[in-house]
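Fair warning: this is a prediction, and the values are worked out from it, not measured in the lab.
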Amino acid sequence: MFFGPETLPFDLADKNTRIHIELTRYEIEAIDDFDKNIQFQYRKNIVLAYYNYDDAEGNWGTVDEHYVATADLANIANGFQNLLLQETDLFEYETVVDDMGNPFMILCCQRNGNMFSLKAQIAEGHFEEWLIVELPKLSSEQLNEYAQIFIRWAKDYPVLSKEELAVAREIPW
């Protein structure tokens, strides 16, 4: 699939905030060939993200133009796996910075004995505010459910090679 498959959503909620994130497709770079009346579309190693949220105070919103690098998806999946496999006790990750100078997501996950804590911060639109969900006591099974989303996303949207990035989709006018 040129744009990427439909994949699992990421739902995260605590007593204050609920966040629902979906990845929609690879970002596309389009080049028009006016002589041939055709557009060539090339995938980039960036995935478009859509999310919506609400909180206990009645605030809500939807944002559909945030981006996540495919390398970030792979790094987050690996970080969760290392934590679950007990190769580390702390996993912190900040996604690549957007053109406004802010990351889209910051994750912090820590092992506390046989329990885990997870804190996710998502950029609220294009403002310098954060939506924060904190889950202080998760079992390994509960954490694994969240980890599996990122593992699936990394498989669904792998880092594309130079050869894969060079493949064009032709759109006649």
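In the hydrophobic clustering (ILVMFWY side chains linked at under 4.5 Å, chained through shared members), I171 stands by itself.
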Per-pair distances, 0.1 Å, donor-acceptor, side chain in residues 143-152, under 3.5 Å, sequence neighbours excluded:
residue : atom : partner : partner atom : Å
N144    : OD1  : Q148    : NE2          : 3.0
R152    : NE   : D156    : OD1          : 3.2
R152    : NE   : D156    : OD2          : 3.0

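Residues meeting the side-chain hydrogen bond (donor to acceptor under 3.5 Å, both in side chains) test with N112, sequence neighbours left out: none. By the side-chain hydrogen bond (donor to acceptor under 3.5 Å, both in side chains) test, R169 pairs with Q41, sequence neighbours left out. Residues forming a side-chain hydrogen bond (donor to acceptor under 3.5 Å, both in side chains) with E29 (at least two apart in sequence, or on another chain): none. Taking R18 as the reference, A13, H20, N52, D54 meet the side chain to side chain contact (heavy atoms under 4.5 Å, CB included) condition, with sequence neighbours excluded. With sequence neighbours excluded, the residues forming a side chain to side chain contact (heavy atoms under 4.5 Å, CB included) with D55 are T17, E57, N59, listed by chain and number. Under the rule for a side chain to side chain contact (heavy atoms under 4.5 Å, CB included), A74 has no partner lying at least two apart in sequence or in another chain. Evaluation of the side chain to side chain contact (heavy atoms under 4.5 Å, CB included) rule for I38 yields D33, K36, F40, E170 as partners, not counting sequence neighbours. Legend: residues meeting side-chain hydrogen bond (donor to acceptor under 3.5 Å, both in side chains) with S140, ordered by chain and number and at least two apart, are absent. Taking D89 as the reference, R111 meet the salt bridge (charged side-chain N to carboxylate O under 4.0 Å, His left out) condition, with sequence neighbours excluded.
In this structure, P103 and A123 approach most closely via the heavy-atom pair O-CB, 3.7 Å. Here the closest heavy-atom approach between residue Y67 and residue F104 is recorded as O-CB, 3.9 Å. Nearest heavy atom pair, residue E164 against residue V159, reads OE1-O, 4.2 Å. The nearest pair of heavy atoms linking L165 to Y42 is O-CD2, 3.6 Å. Between F10 and W153 the shortest heavy-atom distance is CB-CH2, 3.4 Å.
Within the structure, the salt bridge (Lys or Arg N to Asp or Glu O under 4.0 Å) test picks out no pair touching residues 7-16 (sequence neighbours left out).
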